[in-house]
Amino acid sequence: MRHKIVGLGEILWDVFPERKVLGGAPANFAYHISQFGFDGCAVSAIGNDPLGTEILDSLAQRQLNHLIEKTDFPTGTVKVSIDNWGVPCYEICEDAAWDNIPFTPAIAEIAKETQVVCFGSLAQRHEVSRATIHAFLDAMPKDSLKIFDINLRLHYYIKEVIERSLERADILKINDEEVVKIAQLLGWNLSEKEVCKRLLSMYNLDILILTKGTEGSWVLTPKEESFLATPKISIADTVGAGDSFTAAFIASHLHGRCLSASHQLAVEVSAYVCQQHGAMPRLADAHLELFK
């Protein structure tokens, strides 16, 4: 199962009051999918600075394949504070290297070999990375799978970017807060479930994944629905939990498992990640050995 699976977009340091950890939703996804035995690859950009060098060292330590271009812009950082419920709040540095990912010949070559890509809206806040993301999608094989992890952050999204990305996606990953924002953005006065079903139908999506924090999660297709409650656990922080959910679901899906089984694994993996610090912990042995 050596599909090349790419996380395309931001890579950065999540800076907590007491430490910094490697992050960025696409990179998190690429790391977790690689733990399941797939050829995960992070595609992004860093600055020519010590923080950028540290990112390369951290990726090497994790043995994560990557194509990280160097730019004249600073390596991305995000100040993260955690509330009493373990929920993160973000202060995102602007005009970072990952805002300016160039579409190089090397990136174009990877796109031609990519069977699955996960991309979001945050890296599309700047026209350079936005153009690179869509050029990458254009260069992928015709039968490839495109996952739009919508990942709305602060004010860094506009209607045109969201709609264009939805039109290109096969799978949408969204959370309950983002459903409300999307309904407002599109002018829909609908319930949460109705918004999801309309998105599924309007954009001809194969799968829609809705995570609702402690309330549970839904996985919807045009023909099936699966709901699972969120396990009662002690939370360290929730940074990267959604990315691990997506990665686990996709890993199981690519192995041909049914919707409910893939959903169950995603719930278990994301709950485990919530009990660890940082977005890229090593998964439990039971998860890592599942597809061996």
Side-chain angles (χ1 to χ4, degrees), residues 5-10 25-26 28-29 116-125 130 133-134 136-138 140 142-230 238 241-254 258-260 262-264 266-267 270:
I5 302 180
V6 167
L8 172 62
E10 64 271 20
N28 297 339
F29 169 83
V116 182
V117 67
C118 185
F119 69 102
S121 64
L122 183 56
Q124 297 188 66
R125 67 179 183 172
R130 188 187 316 144
I133 287 171
H134 286 278
F136 191 101
L137 298 178
D138 288 339
M140 289 175 64
K142 294 296 183 183
D143 60 348
S144 56
L145 187 64
K146 300 173 180 68
I147 306 160
F148 182 36
D149 179 0
I150 200 164
N151 200 23
L152 302 181
R153 291 284 184 258
L154 304 176
H155 59 282
Y156 298 122
Y157 58 91
I158 58 174
K159 181 179 179 181
E160 291 75 16
V161 166
I162 299 302
E163 289 182 322
R164 186 182 180 197
S165 298
L166 285 168
E167 288 166 356
R168 310 210 63 182
D170 302 298
I171 296 176
L172 172 64
K173 160 67 171 58
I174 193 168
N175 66 32
D176 49 351
E177 293 180 357
E178 291 164 343
V179 165
V180 174
K181 292 177 182 178
I182 290 300
Q184 292 171 343
L185 197 68
L186 299 177
W188 296 349
N189 184 22
L190 300 171
S191 70
E192 180 181 82
K193 190 82 169 291
E194 288 171 334
V195 170
C196 290
K197 287 188 174 182
R198 182 173 288 190
L199 289 170
L200 193 66
S201 173
M202 178 178 289
Y203 293 100
N204 198 29
L205 299 168
D206 296 330
I207 300 171
L208 186 148
I209 298 168
L210 168 64
T211 56
K212 295 166 55 65
T214 57
E215 295 181 31
S217 56
W218 286 93
V219 180
L220 309 174
T221 77
K223 297 181 179 180
E224 292 182 86
E225 293 184 4
S226 174
F227 175 81
L228 288 173
T230 300
T238 61
D243 309 319
S244 68
F245 187 110
T246 308
F249 180 87
I250 294 301
S252 182
H253 178 69
L254 291 176
C258 69
L259 188 78
S260 59
S262 298
H263 189 186
Q264 181 66 48
V267 168
S270 60

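Along the sequence shown, residues are numbered consecutively beginning with 1. Bear in mind the structure is a predicted one, so any value in this text is a computation, not a measurement.
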- Query: Can you find a heavy atom in the side chain of Glu163 that is under 4.5 Å from one in the side chain of Leu185?
  - Reply: no
Residue pair Phe148 / Ile174, side-chain heavy-atom distance below 4.5 Å: no
**OP:** Can you label the angle between the Phe119 ring and the His134 ring as parallel, tilted or perpendicular, going by 30° and 60°?
**Re:** perpendicular
> Just wondering, do Ile250 and Leu254 contact through their side chains at under 4.5 Å, heavy atoms?
Replying inline: yes
I'd like to know whether CD of Glu177 has more than 12 heavy-atom contacts from other residues, nucleotides or ligands below 6.0 angstrom. no
dist Tyr157:OH -> Arg125:CZ (nearest 0.5 Å) comes out at 14.0 Å
Go through Lys146 and Ser144 one step at a time and tell me if the side chain to side chain donor-acceptor pair (under 3.5 Å) criterion holds. CA-CA 7 Å; Lys146 300 173 180 68; Ser144 56; 3.2 Å; yes
Next on the checklist: Let's go through Gln124 and Ile133 carefully: what are the C-alpha distance in whole Å and the side-chain angles of both, what is the deciding distance for side-chain contact (heavy atoms from CB on, under 4.5 Å) to 0.1 Å, and is it a yes or a no?
Outcome noted: CA-CA 8 Å; Gln124 297 188 66; Ile133 287 171; 3.6 Å; yes
Here the gap from Ile171 atom CD1 to Thr221 atom OG1, rounded to the nearest 0.5 Å, amounts to 11.0 Å
Compute whether any side-chain donor of one residue and acceptor of the other, for Glu194 and Ser191, lie under 3.5 angstrom apart. yes
Sequence neighbours excluded, the answer for side chain to side chain contact (heavy atoms under 4.5 Å, CB included) partners of Ser252 is Arg257, Ser262, Leu265, Phe291
Do Val267 and Thr230 make a side-chain contact, defined as non-hydrogen atoms from C-beta onward lying under 4.5 Å apart? no
Go through it in stages, so that I can follow the logic: the residues are Phe249 and Ile209, the test is side-chain contact (heavy atoms from CB on, under 4.5 Å), and I'd like the CA-CA distance, side-chain angles, deciding distance and then a yes or no. CA-CA 9 Å; Phe249 180 87; Ile209 298 168; 3.8 Å; yes
- Is it true that Arg168 and Asp138 make a salt bridge, defined as a side-chain N closer than 4.0 Å to a carboxylate O? yes
Here the pair of heavy atoms bringing Pro222 nearest to Asp206 is CD-O, 3.4 Å
Go through it in stages, so that I can follow the logic: the residues are Lys212 and Leu210, the test is side-chain contact (heavy atoms from CB on, under 4.5 Å), and I'd like the CA-CA distance, side-chain angles, deciding distance and then a yes or no. CA-CA 7 Å; Lys212 295 166 55 65; Leu210 168 64; 4.0 Å; yes
Shortest non-hydrogen pair, Leu205 vs Ala169, comes out as CD2-O, 3.5 Å
message = Quick check: do Ile147 and Val117 have side-chain heavy atoms less than 4.5 Å from each other?
response = no
Checklist line | Side-chain heavy-atom pair Ile150, Ile162 within 4.5 angstrom cut-off | finding: yes
CZ of Phe29 to OG1 of Thr246, rounded to nearest 0.5 Å, is 7.0 Å
Do Asp170 and Ile207 come close enough that some side-chain heavy atom pair is under 4.5 Å?
no
dist Arg130:CZ -> Ile158:CD1 (nearest 0.5 Å) comes out at 5.5 Å
Value for CD1 (Ile182) from CZ (Arg198), rounded to nearest 0.5 Å, stands at 13.5 Å
Closest non-hydrogen atoms of Cys118 and Pro26, given as atom of the first, atom of the second and distance, are O-CB, 4.2 Å
**Request:** Go through Leu208 and Val219 one step at a time and tell me if the side-chain contact (heavy atoms from CB on, under 4.5 Å) criterion holds.
**Result:** CA-CA 6 Å; Leu208 186 148; Val219 180; over 6 Å; no
Does a salt bridge link Glu178 with Lys173, judged by any charged N lying under 4.0 Å from a carboxylate O? no
Output for pair (Asp149 CG, Leu172 CG), nearest 0.5 Å, gives 8.5 Å
ask   = So is Lys193 actually on top of Trp218's ring, under 6.0 Å and inside 45° of the axis?
value = yes
(Q) Closer than 3.5 angstrom, by distance alone: can the side chain of Ser201 be matched with the main-chain N or O of Lys197 as a donor-acceptor pair? (A) no
In terms of heavy-atom contacts, Val6 and Phe136 come closest through CG1-CZ, 4.0 Å
Shortest non-hydrogen pair, Phe245 vs Ser270, comes out as CD1-OG, 3.5 Å
* Check whether any side-chain heavy atom of Glu10 sits under 4.5 Å from a side-chain heavy atom of Asn151, and report yes or no. => yes
